[in-house]
Chemist: 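If you scroll down you'll find the structure; I have some questions about it.
To find a chain, count down the sequence lines: A is the first, B the second, and so on, and within it residues start at 1.
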Protein chains: 2
Amino acid sequence: MPDGGASGAACSSDDLIELLFFAYRDFVGDPDRILAQYGFGRAHHRVLHFVDRYPGLTIAELLDILRITKQSLNRVLKDLIEQGYIVQRTGTSDRRQRLLFCSGTGATLAAELTRVQARRLARALAMPGGAGGSPESFLLAMIEPDERAAVRRLMARRGQGVGEGVGPVGGEAGDALDGKILGQDAA
Amino acid sequence: MPDGGASGAACSSDDLIELLFFAYRDFVGDPDRILAQYGFGRAHHRVLHFVDRYPGLTIAELLDILRITKQSLNRVLKDLIEQGYIVQRTGTSDRRQRLLFCSGTGATLAAELTRVQARRLARALAMPGGAGGSPESFLLAMIEPDERAAVRRLMARRGQGVGEGVGPVGGEAGDALDGKILGQDAA
DNA sequence: TGAAATATGTCAACGAGGCTGACTTATATC
DNA sequence: GATATAAGTCAGCCTCGTTGACATATTTCA
């Protein structure tokens, strides 16, 4: 039975669902703050990232990666092109294609965004149980350090005493228990 | 040097950035399809999930978990309450609070959504290098199997020949190279 | 007891970023 | 020369985030 050894408990898929939510929330939070200063959003980030990393990408390839429509892509791509972060060249073998490249400015911004995300990842990998441990410990390490305690505390609440009320509500329509139920339209 | 042993290559933070994107894309794609049948979206899912898992959650706690505004939460919470998936009770120790619980229907839907996500996770954990290997192999295992080859192919493209054009564009304003540059407003 | 703080709900307006559908323009292919 | 393909665009819609202002019930504290 592989348990990774380090700080992670046994992997429960149910716990991982939440950890993935928290890890991703904080993972995209870093670049979001930077992007806001440029008037860009997450959609711009994704485009800039993939164009930076795979120069010469075509529109069709980008659409396949991002899984969004041409119209959605075009809105953010247009911003990035007009503001000089991305440039297009016509394809040489197929002149219908538009090959996408980052400009110098674009590459600089992409690097800045990559830096903060890579920093979080590197920090997580460097933690005990980060690189070689369980997915659980890796994802926990990806969460903002200040928040980790709160997440642990929440997840420890699993199952036992709810604090206030009792267990889950039984009926579909709300059969009045000890706590008053604020129903759909009941007086 | 910990390498996890199994199928993952050495962990590069830069690769992990992309793998996390692809893994998360497919991870939320599963429930999205189910939610659409109920006329719900991702925001409903998040609320339903946390209320199901932590019965008796207060509004304030939920806001802290989701990191959204009261108004945003209220819109989706209202849907879930009106349609009978979630019920509220007034708190007993503090009657200002509204404790949130899933109804039977709500718990059923939550379970259905959890099931597809847990299935993907369990499958990933069961793969060689899934539970005990590197984060890289775990994330790759989280990607939709049909898509894995495409992701690998894309990531293999890293660095070398672009296929069509040449390297990254140097100048800020677009100095005409061999491929014609379709500039901002140049004729 | 009365004032202030707290938990929640709500109205209005706005922006980002998805979507569909329809249509145009270049270019390639047969 | 007809047809298919890559890309761009217009219009309109939906979800889900935001801010700001304000109402109500309840608790806490001086």
Side-chain angles (χ1 to χ4, degrees), chain A residues 25 28-29 31-33 35-36 38-48 51 56-82 86-100 163-164 179-180 182-185, chain B residues 25 28-29 31-33 35-36 38-48 51 56-82 86-100 163-164 179-180 182-185:
Chain A
R25 181 192 71 177
V28 297
D32 276 358
R33 268 164 251 129
L35 289 157
Y38 290 80
F40 290 142
R42 259 176 229 181
H44 298 91
H45 182 195
R46 291 194 280 264
V47 171
L48 189 64
V51 170
L57 218 51
T58 66
I59 301 290
E61 287 169 329
L62 201 41
L63 289 176
D64 185 54
I65 289 171
L66 301 176
R67 297 287 161 80
I68 58 176
T69 59
K70 189 175 43 164
Q71 295 90 325
S72 292
L73 171 59
N74 228 276
R75 183 167 32 203
V76 293
L77 183 55
K78 193 159 31 172
D79 292 342
L80 290 165
I81 290 172
E82 281 172 358
I86 287 180
V87 296
Q88 297 179 304
R89 292 186 213 161
T90 63
T92 49
S93 76
D94 185 338
R95 296 176 42 81
R96 287 174 303 183
Q97 295 180 328
R98 297 297 129 92
L99 310 186
L100 302 170
E164 293 282 347
K180 174 178 282 180
L182 311 170
Q184 291 75 303
D185 40 30
Chain B
R25 181 193 69 178
V28 297
D32 276 358
R33 268 166 251 127
L35 289 157
Y38 290 81
F40 291 143
R42 258 177 230 181
H44 298 90
H45 183 195
R46 291 193 280 263
V47 171
L48 188 64
V51 170
L57 218 51
T58 67
I59 301 289
E61 287 169 327
L62 201 41
L63 288 176
D64 185 54
I65 289 171
L66 301 176
R67 298 287 161 79
I68 58 175
T69 59
K70 188 175 45 165
Q71 295 89 326
S72 291
L73 171 58
N74 227 276
R75 182 167 31 206
V76 293
L77 184 55
K78 191 156 39 168
D79 292 342
L80 290 165
I81 290 172
E82 281 171 357
I86 286 181
V87 296
Q88 297 179 303
R89 292 187 212 158
T90 63
T92 50
S93 75
D94 184 337
R95 295 174 45 79
R96 287 173 303 183
Q97 294 180 328
R98 296 297 128 91
L99 309 186
L100 302 171
E164 293 282 349
K180 175 177 282 181
L182 310 168
Q184 291 75 303
D185 41 28

Chemist: Should the side chain of A/Q71 and the base of D/dG12 be counted as holding a donor-acceptor pair, with the cut-off at 3.5 Å?
Modeler: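 Checked by distance alone, the answer is no.
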Chemist: Along nucleotides 24-30 of chain C, 5' to 3', which nucleotides get a B, which get an S, and which get a -, given that the test is a protein heavy-atom distance under 4.0 Å?
Modeler: --BBS--
Chemist: What I want to check is whether an N or O donor and acceptor connect the side chain of B/K78 with the base of C/dG9 at under 3.5 Å.
Modeler: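 Side chain to base: no pair below 3.5 Å.
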Chemist: In whole angstroms, how far is the P atom of D/dC16 from the CG atom of B/L35?
Modeler: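 Roughly 9 Å, once rounded to whole Å.
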Chemist: Do you know which two heavy atoms are closest between A/L57 and A/V51, and how far apart they sit?
Modeler: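 That closest heavy-atom pairing would be CD2-N, 4.4 Å.
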Chemist: Whole-Å distance between C/dA16 P and A/L77 CG?
Modeler: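 The distance from CG of A/L77 to P of C/dA16 comes to 17 Å, rounded to the nearest Å.
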Chemist: For the CD1 atom of B/I59 and the CZ atom of B/R96, what is their distance to the nearest 0.5 Å?
Modeler: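 Answer for the CD1-CZ pair, B/I59 versus B/R96, is 14.0 Å.
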Chemist: Taking atom C1' of D/dT18 as reference, at what distance in whole Å does atom CZ of B/R67 sit?
Modeler: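 Atom-to-atom, B/R67 to D/dT18, this comes out as 16 Å.
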Chemist: Any side-chain N or O of A/R42 below 4.0 angstrom from OP1/OP2 of C/dG15?
Modeler: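 Answer is no, no contact under 4.0 Å.
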Chemist: Does the pair A/L99 and A/T58 meet the rule for a side-chain contact (heavy atoms from CB on, under 4.5 Å), with working shown?
Modeler: CA-CA 5 Å; A/L99 310 186; A/T58 66; 3.6 Å; yes
Chemist: Nearest-Å distance, CD1 (A/I68) to C1' (D/dC14)?
Modeler: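 One finds 16 Å between C1' of D/dC14 and CD1 of A/I68, rounded.
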Chemist: Does B/S72 make a side-chain N or O approach to OP1 or OP2 of D/dT18 shorter than 4.0 Å?
Modeler: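 For B/S72, the contact criterion (side-chain N or O under 4.0 Å from OP1 or OP2 of D/dT18) is met.
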Chemist: Is the phosphate of D/dT18 approached by B/T69 (side-chain N or O, under 4.0 Å from OP1 or OP2)?
Modeler: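 So the side-chain polar atoms of B/T69 do come within 4.0 Å of the phosphate oxygens OP1 or OP2 of D/dT18, strictly under.
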Chemist: In whole Å, I'd like the distance from the CD atom of B/Q97 to the C1' atom of D/dT24.
Modeler: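 Interatomic distance, CD of B/Q97 to C1' of D/dT24: 16 Å.
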Chemist: Indicate the atoms forming the closest heavy-atom contact of B/R67 with B/D64, along with that distance.
Modeler: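 So the two residues come closest at NE-O, 3.1 Å.
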Chemist: Do B/R75 and D/dG17 share a donor-acceptor pair, side chain to base, under 3.5 Å?
Modeler: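 By the distance-only test, yes, there is a pair.
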Chemist: Using atom CG of B/D79 as one end and atom P of D/dG17 as the other, report the distance to the nearest whole Å.
Modeler: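 So the CG-P distance, B/D79 to D/dG17, works out to 12 Å.
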Chemist: Separation of B/N74 atom CG from C/dT8 atom C1', in whole Å?
Modeler: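 After rounding, the gap between these two atoms is 8 Å.
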Chemist: Would you find a donor on one side and an acceptor on the other, under 3.5 Å apart, between the side chain of A/R46 and the backbone of A/I65?
Modeler: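 Not at all, since once roles are kept as given, no pair shorter than 3.5 Å links the two residues.
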Chemist: State, yes or no, whether a side-chain contact exists between A/R98 and A/T90 at a heavy-atom distance under 4.5 Å.
Modeler: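 The answer is yes, as the side chains (C-beta and beyond) meet within the 4.5 Å cut-off.
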Chemist: Has A/H44 got a side-chain N or O lying under 4.0 Å from the OP1 or OP2 atom of C/dA16?
Modeler: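 Answer no for this pair, as no side-chain N or O of A/H44 is under 4.0 Å from OP1 or OP2.
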Chemist: Within this structure, what is the CG-to-C1' distance between A/D32 and C/dG17, rounded to whole angstrom?
Modeler: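 Roughly 13 Å, once rounded to whole Å.
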Chemist: In Å, rounded to the nearest 0.5 Å, how long is the span from CG of B/L48 to CG of B/D79?
Modeler: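 Separation between the atoms: 12.0 Å.
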Chemist: Return the nearest nucleotide to the side chain of B/K70; candidates are D/dC16, C/dT10, C/dG17.
Modeler: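 Nearest to the side-chain atoms of B/K70, counting from C-beta on, is C/dT10.
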